[in-house]
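The structure displayed is predicted, hence computed values, not measured ones. Just the heavy atoms: all of them, side chains too, but no hydrogens, waters or symmetry mates, feed the values below.
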Amino acid sequence: MTTTAVAPLTVQDAETLVTAAHRAAEDAGVTVSVTVLDAGGHLLAFRRDDRAALISGETSTRKAYTALQLNAPTADLVDAVQPGGLFHTLPTALDRPLLFIAGGVPVHRGGRLIGAIGVGGGAPGQDHGFASSAVRALA
């Protein structure tokens, strides 16, 4: 079996994601924090608008971590943590708590997971849109 190498998420990629998400949020008049993690869950880039609530930084990081660990947009996972849902007990089963609120999006290259972006500070649907538009800008 032949395996094709895929370039990892770079700091330049992470800065592109942060800039694109912030630009989308600014265009919508929303102040946000943006976190980008590599495939190993390491912080590559972070930016918090001075006007954003301090907690938005932790929120963006946990959204990115959740999207990375489950390789899915957090917006698609909200129902899974409800009673009877697929991941009902998962948010408390890990050392680092997951956050099942829209705004975390995995980043893929060549069909492989290379990282994730999380946006916090706006309404969940807005945060998801900002993160998704940033991922599209990277492609």
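In this structure, the side chains of Pro106 and Leu113 come closer than 4.5 Å at one or more pairs of heavy atoms. Val107 places a side-chain heavy atom less than 4.5 Å from the side chain of Leu138. Annotation: side chain of Leu17 is not in contact with side chain of Leu44 (no heavy-atom distance under 4.5 Å).
Sorted by first and then second residue, the side-chain hydrogen bond (donor to acceptor under 3.5 Å, both in side chains) pairs with a member in residues 23-33 read Ser33-Ser56; sequence neighbours excluded. Within the structure, salt bridge (Lys or Arg N to Asp or Glu O under 4.0 Å) pairs that include any residue of residues 124-138 comprise Lys63-Asp127 (at least two apart or interchain).
With sequence neighbours left out, the side-chain contact (heavy atoms from CB on, under 4.5 Å) criterion links Asp76 to Pro73. Residues satisfying the side-chain contact (heavy atoms from CB on, under 4.5 Å) test with Leu43, not counting sequence neighbours, are Thr35, Leu37, Phe46. Qualifying side chain to side chain donor-acceptor pair (under 3.5 Å) partners for His108, counting only residues two or more places apart in sequence or in other chains: Asn71. Ala28 pairs by the side-chain contact (heavy atoms from CB on, under 4.5 Å) definition with Val30, Phe130, not counting sequence neighbours. Qualifying salt bridge (Lys or Arg N to Asp or Glu O under 4.0 Å) partners for Asp38, counting only residues two or more places apart in sequence or in other chains: none. Checked against side-chain contact (heavy atoms from CB on, under 4.5 Å), Thr10 has the following partners two or more places apart in sequence or in another chain: Gln12, Asp13. Checked against side chain to side chain donor-acceptor pair (under 3.5 Å), Ser133 has no partners two or more places apart in sequence or in another chain.
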Please report, to 0.1 Å, the donor-acceptor pairs under 3.5 Å made by any side chain of residues 114-121, with sequence neighbours excluded.
none

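Heavy atoms only, all atoms of each residue included: Gly122 and Val32 are closest at N-CG1, 4.1 Å.
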